[in-house]
Amino acid sequence: MSDFELTKEQLPVHIGIIMDGNGRWAKKRRLPRTAGHTQGAKVFKRTVQDCRKLGIKNATFYAFSTENWKRPREEVEAIMKLLIQYLDDIKAFSKENVRIIFPGDKSVFPDNIKNRLIEIEQTSLNNDGFNLLVALNYGGRDEIVNAAKNIAKDYKEGIIGDIDSISEQQFENYLYTKGIPNVDLMVRPSGEMRLSNFLIWQCAYAEFVFMDVLWPDFTMEDLTFACREYAKRNRRFGGV
Ligand code: FPP
């Protein structure tokens, strides 16, 4: 690992993290897959603090995708139970000037959970120290289709007068990540090298860092390593 100091300008403004490898971590220890998720949730909480300590301002964690429902019922239930358990911890961040957003389609959740998610978002709405996004029932394609539907509705209702006036910037106002800058750095531990339908619009010019560490073993050193890799990249955004 290189050891140069990271300046504020070198840090990603928005980091995305795919918390992958929980199942393999558990298997290596002959534990049930759910034990990997339990450890993964602890690492999630610590990594939020680590991002803040480094000075990153926006972090989106992939907690549950629109495709994860295909997993065995017991596993889905265990992840949901964990998420519900952690909602108090997530809400507690709002006392530290953290804004919390749950990108994803909340309509599938029972009313009590859905209302709790909305309540946490609303309580923290005016916080501006750090934006914590926890993607739940999130799919990038679903997000874009949802945006297209809402644009069509607004056109029908006359809120949008002229279709040709719709710009990329305006389109972004219909995404779950409205108001949050696009992703600069996407980190995926566990050795897999794909995006898995995560923030596909927002990652148009993201830098990717894939790492061999499994998510439950992910440390501040790994986060710093990913940020140093990012700092070395030459971003041209299609220019020269
Ligand atoms: C991917 O690892 C992980 C998930 C699909 C679930 C992530 C959930 C958590 C970390 C816990 C809850 C989160 C919060 C925010 C409290 P995998 O199971 O696909 O691992 P594998 O590829 O090794 O099987």
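Numbers for residues simply follow the sequence, beginning at 1. Note that the structure is a prediction, hence the values are computed from the model and not measured. All ligand and atom numbering here is 1-based and tracks the order in the structure.
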Practice problem: On the 0 to 90° scale, with breaks at 30° and 60°, tag the F171-W201 ring pair as parallel, tilted or perpendicular. | Solution: parallel

Quiz item: Is D184 reaching over with its side chain to a backbone N or O of V13, donor-acceptor style, under 3.5 angstrom?
Solution: yes

Quiz item: So, do S94 and I100 sit near enough that their side-chain heavy atoms are less than 4.5 Å apart?
Solution: yes

Exercise. Verify, without hydrogens or angle tests, whether H14 (side chain) and P181 (backbone) share a donor-acceptor contact under 3.5 angstrom.
Key: yes

Which atom pairs, nitrogen or oxygen on both sides, join ligand 1 and the protein at under 3.5 angstrom?
residue: ligand 1; atom: 2 (O); partner: D20; partner atom: OD1; Å: 3.4
residue: ligand 1; atom: 2 (O); partner: G21; partner atom: N; Å: 3.4
residue: ligand 1; atom: 18 (O); partner: R33; partner atom: NH2; Å: 2.9
residue: ligand 1; atom: 18 (O); partner: R71; partner atom: NH1; Å: 2.8
residue: ligand 1; atom: 19 (O); partner: D20; partner atom: OD1; Å: 3.4
residue: ligand 1; atom: 19 (O); partner: R71; partner atom: NH2; Å: 2.8
residue: ligand 1; atom: 20 (O); partner: G21; partner atom: N; Å: 3.3
residue: ligand 1; atom: 20 (O); partner: N22; partner atom: N; Å: 3.1
residue: ligand 1; atom: 20 (O); partner: G23; partner atom: N; Å: 3.0
residue: ligand 1; atom: 22 (O); partner: D20; partner atom: OD1; Å: 3.2
residue: ligand 1; atom: 22 (O); partner: R24; partner atom: NE; Å: 3.4
residue: ligand 1; atom: 22 (O); partner: R24; partner atom: NH2; Å: 2.9
residue: ligand 1; atom: 23 (O); partner: G23; partner atom: N; Å: 3.3
residue: ligand 1; atom: 23 (O); partner: R24; partner atom: N; Å: 2.7
residue: ligand 1; atom: 23 (O); partner: R24; partner atom: NE; Å: 2.7
residue: ligand 1; atom: 24 (O); partner: R33; partner atom: NH1; Å: 2.9
residue: ligand 1; atom: 24 (O); partner: R33; partner atom: NH2; Å: 3.1

Quiz item: Relative to each other, are the rings of Y62 and F198 parallel, tilted or perpendicular (30° and 60° limits)?
Solution: parallel

Quiz item: Quick one: OH on Y138 to CZ on F102, what's the gap to the nearest 0.5 Å?
Solution: 15.5 Å

